[in-house]
Amino acid sequence: QVQLAESGGGSVQAGESLRLSCAASEYLYNRCMGWFRQAPGKEREAVASIYTGTGNRYYSDSVKGRFTISLNNGKNTLYLQMNSLKPEDTAMYYCAAGKLRPVGGSWCLARDEYNSWGQGTQVTVSS
């Protein structure tokens, strides 16, 4: 199973930016890779994902236009650029790698598509 390690979390003021990184232990091809988040007392929710075979990206409505997911050329580091952060973005952010698939699609935002998870990195946004 692929190992994932997140970094880049921290505490910022509303309106500021952060960039999260996720280093994977191996080259990841033809699968969804995503960012999820979980706030205290809430379910883990999808934030953004990318299908590594084509580079197609998928975003939750709550972050569309503010967050950008990207993948380095080697396909083993995933990024999440978070701009215009809001207090409601406060959560533990997790990187995840999905199952090998011939195509990507909206299922890249489904939690059960993923079978490898990182330990998480905390993002705190104060008003």
**Prompt:** Who are the side-chain hydrogen bond (donor to acceptor under 3.5 Å, both in side chains) partners of Q81, not counting sequence neighbours?
**Reply:** N83
**Message:** If we check side chain to side chain contact (heavy atoms under 4.5 Å, CB included) with Q13, which of these qualifies: P87, S126, S127?
**Reply:** S126
**Message:** Tell me the closest heavy-atom pair linking A39 and T90, and the distance in Å.
**Reply:** CB-O, 3.8 Å
**Request:** Please collect all salt bridge (charged side-chain N to carboxylate O under 4.0 Å, His left out) contacts where either partner lies in residues 15-38, sequence neighbours excluded, each pair once.
**Result:** R37-E45, R37-D89
**Message:** I'd like to check the side-chain contact (heavy atoms from CB on, under 4.5 Å) partners of T54; sequence neighbours left out, ordered by chain and number.
**Reply:** Y51, N56
Taking distance alone, no hydrogens or angles, what donor-acceptor pairs closer than 3.5 Å link side-chain atoms of residues 110-117 to residues at least two apart or in another chain?
unit_1: E113; atom_1: OE1; unit_2: R101; atom_2: NE; d: 3.4
unit_1: E113; atom_1: OE1; unit_2: R101; atom_2: NH2; d: 2.8
unit_1: E113; atom_1: OE2; unit_2: R101; atom_2: NE; d: 2.9
unit_1: Y114; atom_1: OH; unit_2: C108; atom_2: O; d: 2.4

**Request:** Output all residues satisfying side-chain hydrogen bond (donor to acceptor under 3.5 Å, both in side chains) with K42, sequence neighbours left out; order by chain, then residue number.
**Result:** none
**Which atom of M92 lies closest to which atom of G120, heavy atoms considered** = SD-C, 3.7 Å
**From CD (E6) to CD (Q122), nearest 0.5 Å** = 12.0 Å
**Message:** Within a 6.0 Å radius of atom CD on Q119, are there more than 12 heavy atoms belonging to other residues, nucleotides or ligands?
**Reply:** no
**Request:** Provide the closest heavy-atom pair for Q3 versus Q1 in the form atom of the first, atom of the second, distance.
**Result:** NE2-O, 3.3 Å
**For Y59, the rest of its hydrophobic cluster, which grows through side-chain links under 4.5 angstrom** = V2, L4, V12, L18, L20, L28, M33, W35, V47, I50, V63, F67, I69, L71, L78, L80, M82, L85, Y93, V123, V125
**Request:** Can you measure from OH (Y79) to OG1 (T68) and round to the nearest 0.5 angstrom?
**Result:** 14.0 Å
